[in-house]
Amino acid sequence: SIQDVLKGEKRLEEVIVSAPGGFKLLPAASGIQELTELDTSQRLFLLNELDAIQDRFDVLLIDTAAGISSNVMYFNFAAMEKIVVVTNEPTSLTDAYALIKVLSHKYDQKKFKVLVNSARSEAEAGRIYRNLGLVVDQFLGSPSLDYLGWIPYDRNVPSAIRQQQAVLQRYPDTPASKSLVELARKLM
């Protein structure tokens, strides 16, 4: 896992595993508190390792935790594009706003893409996006939010997670899977 890389026991390319659909995955370590509190040298080391292998990949996606921890801020600052994923939960909207606020004020980041996840309808997704946009406009002013789209609520997603399979692999014809394919096309 990434923990082995940070300990110096493995090189990054040694822990990357193949995943369904031609993807490669860098496994994180579950339940390791130290990985939530990387120091500056560890973060820089990890980014340098990722930079060394980036030419082998079309896209490098870093999935950060919610919130505004120093790790989340560091990897978002380093990213070329930021996709803020929100749901219709108050905590999700609060976390999204906090992320945009800190990246905007402290790191001068001004462009964010917003993806609404697990929405019950296109209208609900639009409302969630507009509400976040109104708060950002009112209190932050300068950040630009670009609506990337939405992924519908799909009862097959939790089922695929329980089966430890990607929803696209397990249920390729469900609404969430179709939306993920369309999202991928849009991003590319």
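Keep in mind the model is a prediction, meaning the values are calculated, not measured.
- No single ILVMFWY cluster, assembled from side-chain heavy atoms under 4.5 Å apart, contains both Leu93 and Leu115.
- Using modelled atom types, one finds no donor on one side chain facing an acceptor on the other under 3.5 Å when comparing Asn71 with Ser69.
- In the hydrophobic cluster analysis, where Ile, Leu, Val, Met, Phe, Trp and Tyr join through side-chain heavy atoms closer than 4.5 angstrom, Trp150 is grouped apart from Ile83.
- Put simply, OG on Ser1 and NZ on Lys7 are 8.0 Å apart, with the number rounded to the nearest 0.5 Å.
- No side-chain donor-acceptor contact under 3.5 Å links Gln138 to the backbone of Val135.
- Residue Ile16 holds its CD1 atom at 13.0 Å from NZ of Lys10, rounded to the nearest 0.5 Å.
- Taking the six-membered ring where the residue is Trp, Tyr107 and Phe77 present tilted rings, their angle falling between 30° and 60°.
- The 12-atom threshold is not exceeded at CG of Asp58, counting heavy atoms of other residues, nucleotides or ligands nearer than 6.0 Å.
- Using modelled atom types, one finds a donor on one side chain and an acceptor on the other under 3.5 Å when comparing Ser70 with Arg43.
- Residues that satisfy the side chain to side chain donor-acceptor pair (under 3.5 Å) test with Glu49, not counting sequence neighbours, are absent from this structure.
- The CE atom of Met73 lies 7.5 Å from the OG1 atom of Thr64; values are rounded to the nearest 0.5 Å.
- With hydrogens and angles ignored, the 3.5 Å screen pairs no side-chain donor or acceptor of Gln54 with any backbone N or O of Leu50.
- In this structure Ser159 satisfies the side chain to side chain donor-acceptor pair (under 3.5 Å) test together with Gln163, Tyr171, sequence neighbours excluded.
- Between Glu13 and Arg56 there is a salt bridge, with a side-chain nitrogen of the basic residue lying less than 4.0 Å from a carboxylate oxygen of the acidic one.
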What do the steps show when you test Gln109 against Ile100 for side-chain contact (heavy atoms from CB on, under 4.5 Å), and what is the final call?
CA-CA 8 Å; Gln109 303 292 291; Ile100 293 166; over 6 Å; no

Check the pair Val15, Ile2 against side-chain contact (heavy atoms from CB on, under 4.5 Å), reporting the backbone distance first and the verdict last.
CA-CA 7 Å; Val15 298; Ile2 198 168; over 6 Å; no

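- Sorted pairs that involve residues 144-155 and meet salt bridge (Lys or Arg N to Asp or Glu O under 4.0 Å), not counting sequence neighbours, are lacking altogether.
- Both Leu38 and Leu12 are assigned to one and the same hydrophobic cluster, defined by single-linkage of ILVMFWY side chains at heavy-atom distances under 4.5 Å.
- Hydrophobic clustering, with ILVMFWY side chains joined whenever heavy atoms are under 4.5 angstrom apart, groups Phe112 together with Tyr97.
- Leu60 and Ile53 fall within a single hydrophobic cluster, where Ile, Leu, Val, Met, Phe, Trp and Tyr side chains are chained together by heavy-atom contacts under 4.5 Å.
- Proximity of a side-chain donor or acceptor of Arg127 to a complementary backbone N or O of Ala123 within less than 3.5 Å is not detected.
- Residues satisfying the side chain to side chain donor-acceptor pair (under 3.5 Å) test with Ser142, not counting sequence neighbours, are Lys110.
- Rounded to the nearest 0.5 angstrom, Leu44 CG and Asp39 CG are separated by 10.0 Å.
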Check the pair Val86, Val114 against side-chain contact (heavy atoms from CB on, under 4.5 Å), reporting the backbone distance first and the verdict last.
CA-CA 7 Å; Val86 295; Val114 176; 4.1 Å; yes

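- Applying side-chain contact (heavy atoms from CB on, under 4.5 Å) to Leu132 and the options Asp137, Leu145, Val116 leaves one that passes, Leu145.
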Test log, rule side-chain contact (heavy atoms from CB on, under 4.5 Å), inputs Tyr153 and Asn117:
CA-CA 7 Å; Tyr153 170 81; Asn117 191 20; over 6 Å; no

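- Considering only heavy atoms from C-beta on, Glu124 comes within 4.5 Å of Asn88 through its side chain.
- Side-chain N or O atoms of Ser92 include one that pairs as donor or acceptor with a backbone N or O of Thr87 at under 3.5 Å.
- The side chain to side chain donor-acceptor pair (under 3.5 Å) test applied to Gln169 returns no partner, not counting sequence neighbours.
- Looking at heavy atoms from C-beta onward, His105 lies in side-chain contact with Leu140 at the 4.5 angstrom threshold.
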Pair up each side-chain donor or acceptor in residues 178-188 with any protein partner under 3.5 Å, not counting sequence neighbours, and list the distances.
{"unit_1": "Ser179", "atom_1": "OG", "unit_2": "Pro175", "atom_2": "O", "d": "3.1"}
{"unit_1": "Lys186", "atom_1": "NZ", "unit_2": "Leu148", "atom_2": "O", "d": "2.6"}

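- Of the possible donor and acceptor atoms, one in the side chain of Lys82 sits under 3.5 Å from a partner among the backbone N and O of Asn76.
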